Chemist: 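Here it is, the structure in full.
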Amino acid sequence: MQSTMNDLPLSIAQILRYGSTVHADAEVITWTDSGPRHRTYGEVGRRAAQLAHALRDLGVTGDQRVATFMWNNAEHLETYLTVPAMGAVLHTLNIRLFPEQIVYVANHAEDRVIIVDPTLIPLLAPVLPEIKTVEHVVVTGDSTAGLEVPDGVGLHTYEGLLAGRPETFEWPDVDERSGAAMCYTSGTTGDPKGVVYSHRSIYLHSMQLCSSSGPNLRQGDLALAIVPQFHAMSWGLPYAAFMIGASLLMPDRFLQPEPIATMITALRPNFGAAVPTIWQGLNQYLAARPTDISSLREVLVGGAAVPPALMQSFENDHGVTILHAWGMTETSPLGSVARPPAAAEGDERWRYRYTQGRFPVQVEARLVDDAGTILPNDGAAVGEVEVRGPWVTSSYYGVDAADKFSDDWLRTGDVGSITPDGYLVLSDRTKDVIKSGGEWISSVDLENAVMGHPDVLEAAVIAIPDEKWDERPLVAVVLRDGSTATMADLRDFLSDKFAKWQLPENWTLIPEVPKTSVGKFDKKRLRAEFREGAFDVTHL
Ligand code: ADP
């Protein structure tokens with residue numbers, strides 16, 4: 001039987017129209033060096049129409065790519081909505097990639113227009129001549145000072161392009177399965193790979209951000225979106241906020257703990273999202289300069305495992321709940337979210353919250369061993385996590401990466417178990433796990449435990465070669481200023497938490513754990529530094 005329901009496409013234009021009228025009074029607030037800059041969603045809607053007219057005049061048609069090289073701010077939100085709504089494809093360039101990677105992804109995506117923030121001109125200008133497909137560069141604000149473009153490339157200011165244009169636009173009908181936006185992985189191994197989100201996938205994913213079993217973004221919230229708009233679409237917050245009528249607080253380039261603390265006290269956001277290192281830095285700052293951040297009801301934290309010590313400290317010292325979540329650029333990125341079952345109490349509740357969480361109904365997950373056998377979700381069997389669902393990619397743009405998929409399942413490269421009631425417990429990435437004497441040691445478990453020591457600021461664990469055991473863990477530790485803890489003290493601290501053979505004997509003190517372009521521990525770099533003999537390793 002055919003259903004009697006309307007078969008209407010899900011689209012970004014719908015989100016744009018709805019948010020800018022029904023939630024016209026909600027705001028995007030951009031932090032600047034002179035405080036907040038406010039813009040209502042009604043204004044965003046009118047300016048989106050102006051931007052669409054301008055981009056059409058620059059020749060943007062069909063599914064051409066419009067790239068952004070920007071911080072999180074009001075103009076980036078406008079671009080997020082406008083480009084897909086006019087049927088073109090938004091490409092968020094990661095400003096922290098190496099220059100040759102920026103060139104690679106921009107050429108690979110065939111970016112026609114690049115919209116750049118004036119403060120990022122020094123990063124874009126040197127690579128611009130290498131980007132062969134670019135026809136126009138647009139600088140946000142009202143000056144192009146400091147930027148020279150190659151011959152034949154148009155140079156415009158964003159405000160100049162918008163000025164005087166009509167404030168409405170005939171948003172075209174688009175196939176909900178067509179590309180709306182694309183994002184490249186940060187390329188920790190090999191060239192970055194592109195993922196293309198559809199109108200449908202973004203729409204459905206946005207609904208999940210507003211679900212009470214998910215992040216639970218709500219109408220009237222003020223969401224501090226620290227996770228960059230170039231990192232997995234700011235985890236979908238811009239679209240979800242526009243859909244549900246939550247306001248956005250965008251930190252622009254002010255990502256250090258001090259301005260973050262200042263904007264929280266000034267504007268009192270009640271929701272936030274960022275990778276663990278951001279909250280770790282803020283926590284350290286607050287320890288020295290107590291500041292009230294309790295306006296935050298919940299902060300969504302993922303992209304890397306959240307140390308339990310950080311979750312405890314946020315809850316106990318600041319009254320802020322960290323909501324642990326797992327995801328990837330390839331999964332839009334929201335996968336699992338660690339909301340405990342309603343009946344769980346006390347320590348049991350905490351144990352659930354430390355996990356990577358439960359998948360929503362739309363995202364299926366399974367565990368697979370090296371031989372390709374599907375393992376049970378019994379909380380004990382450990383295998384590689386594979387996922388599929390309407391907002392999970394089933395290929396990469398323009399490259400053959402068949403080894404990353406198993407039919408329509410995405411092989412995540414993450415290793416863990418799943419409990420019978422559906423909670424994912426990750427132990428590692430396949431490439432980070434330590435294979436010692438035929439057994440596996442979880443680098444993440446060791447890191448979390450070391451970071452539970454009050455004198456430890458950061459700790460990263462990598463595998464190093466060992467004649468007898470093949471691999472053994474090396475713990476690279478950053479101690480707090482003034483700490484007198486020795487490495488033997490730290491090892492003792494772990495002794496009741498791990499089996500004896502798992503206890504690391506190799507330790508090194510470092511000034512800071514290197515971070516990737518999206519702020520995660522860069523273990524690839526640590527491994528290289530170890531190979532180059534950069535560490536003074538203590539053997540206990
Ligand atoms: P990249 O792969 O370039 O770092 P992503 O942000 O897409 O960029 O990274 C996805 C990966 O991040 C996951 O495959 C997983 O290894 C890791 N990750 C994300 N969330 C968590 C989490 N909550 N716990 C542990 N690892 C996580």
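Since we're looking at a predicted model, the values are computed, not measured. For ligands, and for the atoms within them, numbers begin at 1 and follow the listed sequence. Just so you know, these numbers use all the heavy atoms, side chains as well, and skip hydrogens, waters and symmetry mates.
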Chemist: Salt bridge check, Glu298 against Arg218: does any charged N sit closer than 4.0 Å to a carboxylate O?
Modeler: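 No salt bridge links Arg218 with Glu298.
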Chemist: With only distance considered, is Gly303 within less than 3.5 Å of ligand 1 through an N or O on each side?
Modeler: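 It does: an N or O of Gly303 is found under 3.5 Å from an N or O of ligand 1.
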Chemist: When you look for heavy atoms under 4.0 Å from ligand 1, do you find them on the side chain of Asp414, its backbone, both, or neither?
Modeler: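 Just the side chain.
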Chemist: Quick test of your reading of the model: are Glu315 and Arg353 salt-bridged, counting only N-O distances below 4.0 Å?
Modeler: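 Looking at Arg353 together with Glu315, the answer is yes, because their closest N to O distance falls below 4.0 Å.
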Chemist: Counting heavy atoms only, which part of Ala232 comes closer than 4.0 Å to ligand 1: side chain, backbone, both or neither?
Modeler: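 Ala232 to ligand 1: no contact under 4.0 Å from either part.
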Chemist: Between Arg297 and Asp221, does any NZ, NE, NH1 or NH2 come within less than 4.0 Å of an OD or OE carboxylate oxygen?
Modeler: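 Result for this pair is yes, salt bridge flagged.
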Chemist: Do Pro215 and Val337 have side-chain heavy atoms sitting under 4.5 Å apart?
Modeler: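 Answer yes - side chains close enough.
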Chemist: Considering only heavy atoms from C-beta outward, does the side chain of Ser495 approach that of Leu503 to under 4.5 Å?
Modeler: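 Contact flag for Ser495/Leu503 side chains = yes.
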Chemist: Would you check the N or O atoms of Ala305, main chain and side chain alike, for any that come under 3.5 Å of an N or O of ligand 1?
Modeler: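 Yes - when backbone and side-chain N and O of Ala305 are compared with those of ligand 1, one distance drops under 3.5 Å.
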Chemist: One thing to verify: whether Arg65 and Asp63 come together as a salt bridge, which I'm taking to mean a side-chain N less than 4.0 angstrom from a carboxylate O.
Modeler: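 Salt bridge: yes.
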Chemist: Taking Arg480 first and then Asp455, would you say they form a salt bridge - that is, a charged N and a carboxylate O separated by under 4.0 Å?
Modeler: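 Salt bridge absent between Arg480 and Asp455.
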Chemist: List ligand 1 atoms under 4.0 Å from His231, heavy atoms only on the residue side.
Modeler: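 Going through ligand 1 atom by atom, the ones under 4.0 Å from His231 are 6 (O).
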Chemist: Within the 4.5 Å heavy-atom criterion, are Thr92 and Thr79 side-chain neighbours or not?
Modeler: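 Of all side-chain heavy-atom pairs linking Thr79 with Thr92, none is under 4.5 Å.
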Chemist: Hey, is Met328 touching ligand 1 through its side chain, its backbone, both or neither, going by heavy atoms under 4.0 Å?
Modeler: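 Both backbone and side chain.
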Chemist: Any heavy atom of Gly327 sitting closer than 4.0 Å to ligand 1?
Modeler: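 So Gly327 counts as touching ligand 1.
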Chemist: Answer with yes or no whether Val518 contacts ligand 1, where contact means a heavy atom under 4.0 Å from a ligand atom.
Modeler: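 Heavy atoms of Val518 never come under 4.0 Å of ligand 1.
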Chemist: For Gly413, state whether at least one heavy atom is located under 4.0 Å from any atom of ligand 1.
Modeler: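 The answer is no: ligand 1 sits nowhere under 4.0 Å from a heavy atom of Gly413.
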Chemist: Do any nitrogen or oxygen atoms of Thr329 come within less than 3.5 Å of a nitrogen or oxygen of ligand 1?
Modeler: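 Among all N and O atoms of Thr329, at least one is under 3.5 Å from an N or O of ligand 1.
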Chemist: Here's one to test your reading of the geometry: is the NZ or CZ of Arg366 within 45 degrees of the ring axis of Trp409 and under 6.0 Å from its centre?
Modeler: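 Pair Arg366/Trp409 counts as cation-pi.
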Chemist: What atoms in ligand 1 come closer than 4.0 Å to a heavy atom of His324?
Modeler: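 Contacts of ligand 1 toward His324, numbered from 1: 22 (C), 23 (N), 24 (N).
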Chemist: Can you sort out which atoms of ligand 1 are near Ala325, meaning under 4.0 Å from one of its heavy atoms?
Modeler: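 In order of number, 20 (N), 22 (C), 23 (N).
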Chemist: Atom 27 (C) of ligand 1: which of Gly357, Ala304, Gly335, Ser517 has the nearest heavy atom?
Modeler: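 Result: the heavy atom closest to atom 27 (C) of ligand 1 is in Ala304.
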